[in-house]
> 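Starting off with a structure, shown below.
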Amino acid sequence: MTTATAPQTSLSVGTAKRGAVLIILAILLVALALLSLLVGSGNISPAQAWDALWHNDGSTAAQIVRTSRLPRTLLGLVCGAALGVAGAMMQALTRNPLADPGILGVNAGAYLAMVLGFWWFGAMSTSNYVLWGTAGALLASGLVYVVGSSGRAGASAGKLVLTGVAVSCVFTGIAFGLTMIDPKAFDAIRGWQAGSLQKSGAIEILFGVLPYIGVGLAMALVLMLYFNAIALGDDRARALGVPVTRVRTAGFIALTVLCGAATAAVGPISFLGLMVPHAVRSVVGPDQRWIIPTCLLVAPILFLGADIIGRIAIPGELPVGMVTAFIGAPVLIWLARNRGVNEL
């Protein structure tokens, strides 16, 4: 009797610990969101910002808090969650711990498609940006997966990473060349290219991408139930009754929609989808049913934290994309050194 109940007790304790982690992260996320509303560039004290949040008296403080900081915070929450979950899904579906939407060319594909949309079709509205960004992300992810999985060895970690880097360089180079040719395209895209939450018309952008990200996150929460089986290998997953092809296809569609919408909204953000799943796995373990919901909380925490650092680090503002790159580059180097050159 004691032997039978020991595993159950251990399982319940592990579940309770993971549940406690989720609660703590949710509280931290709410606290950081409040801090994002109260702190920023400009001579507005936290007390003034708090009062302006609840009372719109037409003052400068009320305008800044309500039209800039609040939409910026909500955009960071939504897009951070999208990028973190997309990174976790990509690593689960490819069984590649180095998979990341930025490294595997998805962000570059969205960037190129948006430049082409503006250059050829004058696509300037938020809805057009999202459609072009998602289409470009889908093209890039499909190209990387097809090329990276060709040959007898299949889709190894090294081939996918190298293919993704190559595709990113080519797509980014083409997009950059087009913006150099057309000054109007350069002016329209340069602020977006840095990756920033400081947007004019942030409310419009938020409501434009929210349906796409909402659908993508809902698909991720459903598909995560199959990811543990897929981690065992395709043959074993099929033996357990998992429709591997349909799950992987739906998963790539979901993460492409998440990456495309988030990239269209805030610009190309590097390393967020790589860092967060690794940090989460070290805390909650390899169970994808816990990794995905935890990434849903951790990614916006890191994203908002990077944005707050960017606001107060220098007298002006440092784009959040630069801050995440400063953090993520050393993390990638550490992963490469610990996993060995052969795996890259």
Side-chain angles (χ1 to χ4, degrees), residues 3-29 32 80-101 103-104 155-157 160-161 216-242 244 247-248 250-252 254-255 258 271-303 305 327-328 330-332 334-340 343:
T3 304
T5 58
Q8 297 178 1
T9 303
S10 177
L11 182 61
S12 62
V13 171
T15 301
K17 288 182 178 180
R18 295 188 183 107
V21 168
L22 288 180
I23 294 173
I24 293 171
L25 289 173
I27 295 172
L28 180 59
L29 182 58
L32 202 61
L83 292 171
V85 171
M89 290 181 67
M90 185 169 282
Q91 292 180 13
L93 290 171
T94 61
R95 298 195 297 272
N96 178 5
L98 295 179
D100 168 73
I103 295 175
L104 295 188
S156 65
L160 287 173
V161 170
L217 292 177
M219 291 177 66
L221 293 175
V222 173
L223 293 171
M224 70 179 184
L225 302 176
Y226 301 100
F227 289 165
N228 285 339
I230 289 179
L232 301 174
D234 291 358
D235 292 337
R236 291 185 179 181
R238 290 190 180 94
L240 293 172
V242 175
V244 175
V247 169
R248 184 169 280 119
F252 271 103
L255 70 89
L258 290 173
F271 298 113
L272 189 66
L274 172 65
M275 291 185 292
V276 171
H278 280 284
V280 166
R281 272 193 295 270
S282 67
V283 176
V284 302
D287 192 338
Q288 296 293 334
R289 295 171 298 178
W290 288 98
I291 290 176
I292 300 295
T294 309
C295 286
L296 187 65
L297 297 174
V298 173
I301 289 174
L302 181 60
F303 200 41
I327 298 172
V331 171
L332 180 60
W334 178 82
L335 287 172
R337 290 178 59 86
N338 281 271
R339 293 184 178 277
E343 293 190 29

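Quantities reported herein were computed from a predicted structural model and do not represent experimental measurements.
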> Which atom pair, heavy atoms only, marks the closest approach of Val244 to Arg238?
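Where Val244 meets Arg238 most closely, the heavy atoms are CG2-CG, 3.6 Å.
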> Measure across Ile301 and Leu25 and return the closest heavy-atom pair with its distance rounded to 0.1 Å.
CD1-O, 3.5 Å
> So which atom in Leu217 and which in Ala82 form the shortest heavy-atom distance, rounded to 0.1 Å?
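Looking at all heavy atoms of both residues, the closest pair is CD2-CA, 4.4 Å.
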> Hey, what do you get for CG (Leu22) to OG1 (Thr294), rounding to the nearest 0.5 Å?
4.5 Å
> Leu93 and Phe252: side-chain contact (heavy atoms from CB on, under 4.5 Å), yes or no, with the steps?
CA-CA 8 Å; Leu93 290 171; Phe252 271 103; 4.2 Å; yes
> State the CG-CG distance between Leu32 and Leu297, to the nearest 0.5 angstrom.
12.0 Å
> Mind listing the closest non-hydrogen atom pair of Gly84 and Pro277 along with its distance?
O-CG, 4.3 Å
> Let me see the working for Leu83 and Leu258 under side-chain contact (heavy atoms from CB on, under 4.5 Å), right down to the final yes or no.
CA-CA 7 Å; Leu83 292 171; Leu258 290 173; over 6 Å; no
> Donor-acceptor pairs under 3.5 angstrom involving side-chain atoms of residues 221-236: please list them, not counting sequence neighbours.
unit_1 : atom_1 : unit_2 : atom_2 : d
Asn228 : OD1    : Gln288 : N      : 2.9
Asn228 : ND2    : Asp287 : OD1    : 2.7
Asp234 : OD1    : Arg95  : NH1    : 3.3
Asp234 : OD1    : Arg248 : NH2    : 3.2
Asp234 : OD2    : Arg248 : NH1    : 3.4

> Give me the atom names and distance for the closest heavy-atom approach of Met89 to Ala220.
SD-CB, 3.4 Å
> Show the nearest heavy-atom pair for residues Pro300 and Cys295, with the distance to one decimal.
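Minimum heavy-atom contact is CD-O, 3.9 Å.
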